[in-house]
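Encoded as structure tokens, the structure appears first; notes follow it.
The figures here come from the full heavy-atom set of this structure, side chains too, leaving out hydrogens, waters and symmetry mates. Lettering of chains follows the sequences in order, A, B, ..., and the numbering in each one begins at 1. Only a predicted model underlies this, so the values are computations on that prediction, with no experimental measurement involved.
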Protein chains: 2
Amino acid sequence: MANTFEVLAEPRRREILDLLRVCERPVGDLVGRLGLTQPAVSKHLKVLRAAGLVDVRQDAQRRWYRLRAQPLAEVDAWLAPYRQFWNERLDALERHLDAMPDERPGTGKTDGTEGI
Amino acid sequence: MANTFEVLAEPRRREILDLLRVCERPVGDLVGRLGLTQPAVSKHLKVLRAAGLVDVRQDAQRRWYRLRAQPLAEVDAWLAPYRQFWNERLDALERHLDAMPDERPGTGKTDGTEGI
DNA sequence: GGCGTATATTCCATATTGGTTATATTCCTC
DNA sequence: GAGGAATATAACCAATATGGAATATACGCC
């Protein structure tokens with residue numbers, strides 16, 4: 001496993017991250033909210049820990065899990081060049097609309113700078 | 001499958017997307033660049049197509065595959081709330097470093113307290 | 001030290017996936 | 001219409017991940 005993308009592929013693990021984004025939580029809390037058995041949750045947490053996506057803090061028998069979002073930056077970085085790509089699509093739509101006979105809702109200004 | 005995250009979990013599929021981001025390509029081209037067998041590539045393309053991540057255009061026997069980045073916006077949307085999160089961390093680190101008495105690494109001070 | 005709680009780990013059965021080989025389909029060219 | 005190129009599909013195998021039940025471990029408390 002070890003790869004962030006694979007780790008995120010599991011819906012349950014994304015749920016766990018979503019929960020941990022709100023606050024630090026012990027395993028039992030996650031078990032209750034996810035409707036999974038305790039071993040299943042522990043296993044997912046192990047995977048998340050191995051990927052550096054969560055951190056543990058031990059407090060007696062309880063272990064508080066905390067989000068570490070940093071590895072998600074890797075995903076974000078991979079996504080970055082694509083972002084421009086899907087913006088292009090939107091821009092194309094926009095240009096298309098702009099190119100239409102000047103029927104802009106709102107401003108009637110035509111200063112000629114909109115083609116940029 | 002069908003879920004964008006799961007589809008992206010495969011390194012080979014991300015490679016395919018990376019290649020298609022550059023330009024539209026026929027299957028054979030991908031086969032050559034990935035060093036995979038043709039059936040393997042076709043399977044990945046099928047998965048990508050099912051997920052709406054690529055589009056096909058038929059031209060005689062050749063099929064040109066093209067990127068459709070839109071589903072990646074879904075991933076981006078999931079990532080959004082986390083983005084703030086990892087910025088916080090960096091900011092915290094920055095504040096931490098700023099708050100330190102001028103003990104920046106590289107100042108040559110050797111009082112032996114840095115092994116923390 | 002024994003007990004109960006909270007969590008991790010092991011073992012097992014099942015399911016899915018990615019790859020390979022072989023075959024089918026589609027379309028062009030001769 | 002026969003042959004060949006480009007791609008898709010089918011059948012099969014090996015590897016792996018997931019979930020559950022049972023068990024082990026760690027810790028605080030009495």
Would you classify Thr37(A) as touching base, sugar-phosphate or nothing, given that sugar-phosphate means primed atoms plus P, OP1 and OP2, and contacts are heavy atoms under 4.0 Å?
-> sugar-phosphate
State which residues pass side chain to side chain donor-acceptor pair (under 3.5 Å) with Arg62(B); sequence neighbours excluded, sorted by chain then number.
-> none
Return the set of residues passing side-chain contact (heavy atoms from CB on, under 4.5 Å) with Asp76(A) (not counting sequence neighbours), or none when no residue passes.
-> Arg83(A), Asp76(B), Leu79(B), Arg83(B), Trp86(B)
Atom pairs and distances, donor-acceptor, side-chain atoms in residues 38-46 of chain B, under 3.5 Å, two or more places apart:
| unit_1 | atom_1 | unit_2 | atom_2 | d |
| --- | --- | --- | --- | --- |
| Gln38(B) | NE2 | Ser42(B) | OG | 3.1 |
| His44(B) | ND1 | Arg13(B) | NH1 | 3.2 |

Of the non-hydrogen atoms in Leu36(B) and Val31(B), which two are nearest, and what is the gap between them?
-> O-CG1, 3.2 Å
Selection: residues 16-30 of chain B, any non-hydrogen atom under 4.0 Å of DNA chain D | Pro26(B), Val27(B), Gly28(B)
Atom CZ of Arg62(B) and atom P of dG4(D): how far apart are they, to the nearest Å?
-> 18 Å
Integer-rounded Å distance: dA6(D) C1' and Gln38(B) CD = 8 Å
Would you mind reading off the distance between Leu34(A) atom CG and dT18(D) atom C1', rounded to a whole angstrom?
-> 15 Å
Assign Lys46(A) to base, sugar-phosphate, or nothing according to its heavy-atom contacts below 4.0 angstrom with the strands shown.
-> sugar-phosphate
With a 4.0 Å cut-off (strictly under) to non-hydrogen atoms of chain A, the first and last hit nts on DNA chain C, 5' to 3', are dG4(C) to dC11(C)
All N/O contacts under 3.5 Å from nucleotides 25-30 of chain D to the protein, with atom names and distances to one decimal?
none

When Val56(A) is tested against each of Arg49(A), Glu24(A), Arg66(A) for side chain to side chain contact (heavy atoms under 4.5 Å, CB included), which residue passes?
-> Arg49(A)
